[in-house]
Structure formats: structure tokens, C-alpha cells
**Q** 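Provided herewith is a single structure, encoded as C-alpha cells, for subsequent inquiry.
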Amino acid sequence: MKKSIITFLCLMLITLSGCTYNTKYSESDAPLTIKGGLSDTLIVYYSFNGEERELAKQVQSYTEGDLLCLQTSKKYSTDFKERIKEHRKEREAYAKALKENKHDYKNKHVLDTLPTLKNQIDDINQYKTVYLIYPCWEKDEPLIIDSFCMDYDLSGKTIVPMCISEKNWRGHVKYSSKKSVAHFNKMIPNANFKRAKAFTDVKGVKKWLETIDMI
């Protein structure tokens, strides 16, 4: 009887630990303002479930860059399926505004479709390299990333896009790096873009940074 009770309690503990892991992730306590320092590298990330945060921290461990977690004024759903629906709706409005305004990314009607960031950076000019880290949803980045790209002058900087993407049924990553870089280039035409990279987990970060000559 005691053995059964102990086994039951252990199973409950494992279950509760799993639930805590899945629901605990929150960036609400992350700093909203980057004061800057000695680093000339900025690591910008947006994360829904914590994976992108881990990717960003790995990049930070190799580059010693400043870390910025993007947060918005809008409260999004914490349910993943609902969040994807919100993402899709935002994307549709964004695409429509771009089409109606001849793909002028700085047009007010286009900018109005982007989510408003709560973050502030005291001096974007101190950074020479900016990492953009985000989840890949339906082959696209969340528009929160676009908001950052349009809020700050990133011209002349080296931009390194990196994302977490799932695989399709054939085992291929659901992500088009060429499409993403082409899109970012339209927003920031005077930046120096490195090849975009999709990860299915947080392994292989150092090898990739060495491949693109960032470390």
C-alpha cells in the first residue's frame, strides 16, 4: 500500500513539474529598456514558449551581446492555436496594407498594422551587429520582429536572422531563409544581412555562428 502511494505521489510530482514547465514561461519580468554598455552586439528575440529565449541565451554566451526580449502593448492569447490565429489575422492585414500602399514599408497605414512595442533602447547607434531571433509561424516571422525593424534605424548594421521552426511530414524545415532575408532587405535596404538560419532546437548554435564568421 505504501509503495502504491509513493508511486502515485511521484507520478503526480512529475505531472505537476511538467505542467509548471509548460505554463511558467513568461517574459513579463524582462527589462523593457536596454541601457547598453560595452557591447556592440544586440540580441533581439521574441518567444512564445521559451525556445527562442534559450537560443538567444546561447548566442549571448558566444558573443557577449546585450539581450532584448520584445514585448508588446497588446496582450496576445497564451493558447498556441489561438496565437497562430492572431498571427494569421495580423499578417493578412499587413499584406493588404502593403499591397494598397505599393509596398511602402514606411507608409503610416502599413505601420499602423504592426503591433506596438513596449521596449526602448537608449542608443541603437552603439550596436554594429543585431541578431533577430524568433519563432517561425506558417513560414513567417511574427510581426513583432517587423515592428522592431521599423522602430529603429538599423541601416549599416550586420543583421543575423535566426529562428526556431518545426519540420514538415517529410522532415524538411518549414522555413524559407531566402524569402525572409528578401523581406528584411525591403524593410532595411542598407543593412548587411547574414544568411538566415532555422533551427528545430537549440543545438548547433556555435557551429552555425562559426560558419557565418560571427565568432
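Since we're looking at a predicted model, the values are computed, not measured.
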**Q** Between the main-chain N or O of P135 and the side-chain N or O of E141, is there a donor-acceptor pair closer than 3.5 Å?
**A** no
**Q** So, do H109 and E100 sit near enough that their side-chain heavy atoms are less than 4.5 Å apart?
**A** no
**Q** Should T129 and K157 count as side-chain neighbours, where that means a heavy-atom distance under 4.5 Å?
**A** no
**Q** Looking at F199, does the NZ or CZ of K197 lie under 6.0 angstrom from its six-membered ring centre and within 45 degrees of the ring axis?
**A** yes
**Q** Can you measure from CG (L117) to CG (D151) and round to the nearest 0.5 angstrom?
**A** 5.0 Å
**Q** Is the F80 ring parallel, tilted or perpendicular to the W137 ring (thresholds 30°, 60°)?
**A** perpendicular
**Q** Within the structure provided, determine whether Y105 and L98 are in side-chain contact (heavy-atom separation under 4.5 Å).
**A** yes
**Q** What I want to check is whether the side chains of Y152 and Q120 have a donor and an acceptor closer together than 3.5 Å.
**A** no
**Q** Do C69 and N119 come close enough that some side-chain heavy atom pair is under 4.5 Å?
**A** no
**Q** Does any part of the side chain of Q71, heavy atoms only, come nearer than 4.5 Å to the side chain of I144, both counted from C-beta?
**A** no
**Q** Using 0.5 Å steps for rounding, measure from the CG atom of D104 to the CG atom of L111.
**A** 8.0 Å
**Q** Could you give me the CA-CA distance, side-chain angles and deciding distance for T116 and T72, then say whether side-chain contact (heavy atoms from CB on, under 4.5 Å) is met?
**A** CA-CA 6 Å; T116 303; T72 65; over 6 Å; no
**Q** For the atom pair CZ (R195) and CE (M162), what is the distance rounded to the nearest 0.5 Å?
**A** 12.0 Å
**Q** Which pair of non-hydrogen atoms, one from I188 and one from F193, has the smallest distance, and what is that distance?
**A** O-CE1, 3.6 Å
**Q** With a 3.5 Å distance limit and no angle check, can you tell me whether S39 reaches the backbone of E64 through a side-chain donor-acceptor pair?
**A** yes
**Q** If you round to the nearest 0.5 Å, how far is OG1 of T41 from CD1 of I215?
**A** 11.5 Å
**Q** Examine the side chains of D146 and H183 and answer whether a donor and an acceptor come within less than 3.5 Å of each other.
**A** yes
**Q** Y45 and side-chain contact (heavy atoms from CB on, under 4.5 Å): which partner among L70, L67, L55?
**A** L67
**Q** Between T78 and F48, what is the shortest heavy-atom contact and its length?
**A** O-CZ, 3.3 Å
**Q** Run through K85, R91, K89 and flag the one making a side-chain contact (heavy atoms from CB on, under 4.5 Å) with H87.
**A** R91
**Q** Side chain of S165, backbone of A198: donor and acceptor closer than 3.5 Å?
**A** no
**Q** Can you tell me how far apart CD1 (I164) and CD (E54) are? Round to the nearest 0.5 Å.
**A** 10.0 Å
**Q** Quick one, L154 and I124 - any side-chain contact, counting heavy atoms below 4.5 Å?
**A** yes
**Q** Do S147 and I145 have side chains that approach each other closer than 4.5 Å (heavy atoms only, starting at C-beta)?
**A** no
**Q** With the threshold set at 4.0 Å, does a side-chain nitrogen-carboxylate oxygen contact exist between K108 and D112?
**A** yes
**Q** Might you work through the side-chain contact (heavy atoms from CB on, under 4.5 Å) test for E90 and Y76, ending with a clear yes or no?
**A** CA-CA 12 Å; E90 284 185 337; Y76 290 99; 2.5 Å; yes
**Q** State whether the side chain of D79 and the backbone N or O of K81 hold a donor-acceptor pair below 3.5 Å, judged by distance alone.
**A** yes
**Q** Check the pair E52, Y46 against side-chain contact (heavy atoms from CB on, under 4.5 Å), reporting the backbone distance first and the verdict last.
**A** CA-CA 7 Å; E52 293 75 21; Y46 170 71; over 6 Å; no
**Q** Among I159, T158, V160, whose side-chain contact (heavy atoms from CB on, under 4.5 Å) with Y131 holds?
**A** V160
**Q** So which atom in A196 and which in W208 form the shortest heavy-atom distance, rounded to 0.1 Å?
**A** O-CZ2, 4.2 Å
**Q** Counting C-beta onward and ignoring hydrogens, is there a side-chain heavy-atom pair between L42 and L68 closer than 4.5 Å?
**A** yes
**Q** Answer yes or no: are there more than 12 heavy-atom neighbours, outside K74 itself, under 6.0 Å from its atom NZ?
**A** yes
**Q** Rounded to the nearest 0.5 Å, what's the gap from CD1 on I133 to CD on Q58? Could you check?
**A** 9.5 Å
**Q** Evaluate the criterion side-chain contact (heavy atoms from CB on, under 4.5 Å) for residue pair N107 and K102; output intermediate values, then yes/no.
**A** CA-CA 9 Å; N107 182 279; K102 300 180 180 180; over 6 Å; no
**Q** Without swapping roles, check the side chain of K194 against the backbone of P161 for a donor-acceptor pair under 3.5 Å.
**A** no
**Q** Between S77 and E82, is any side-chain donor less than 3.5 angstrom from a side-chain acceptor?
**A** no
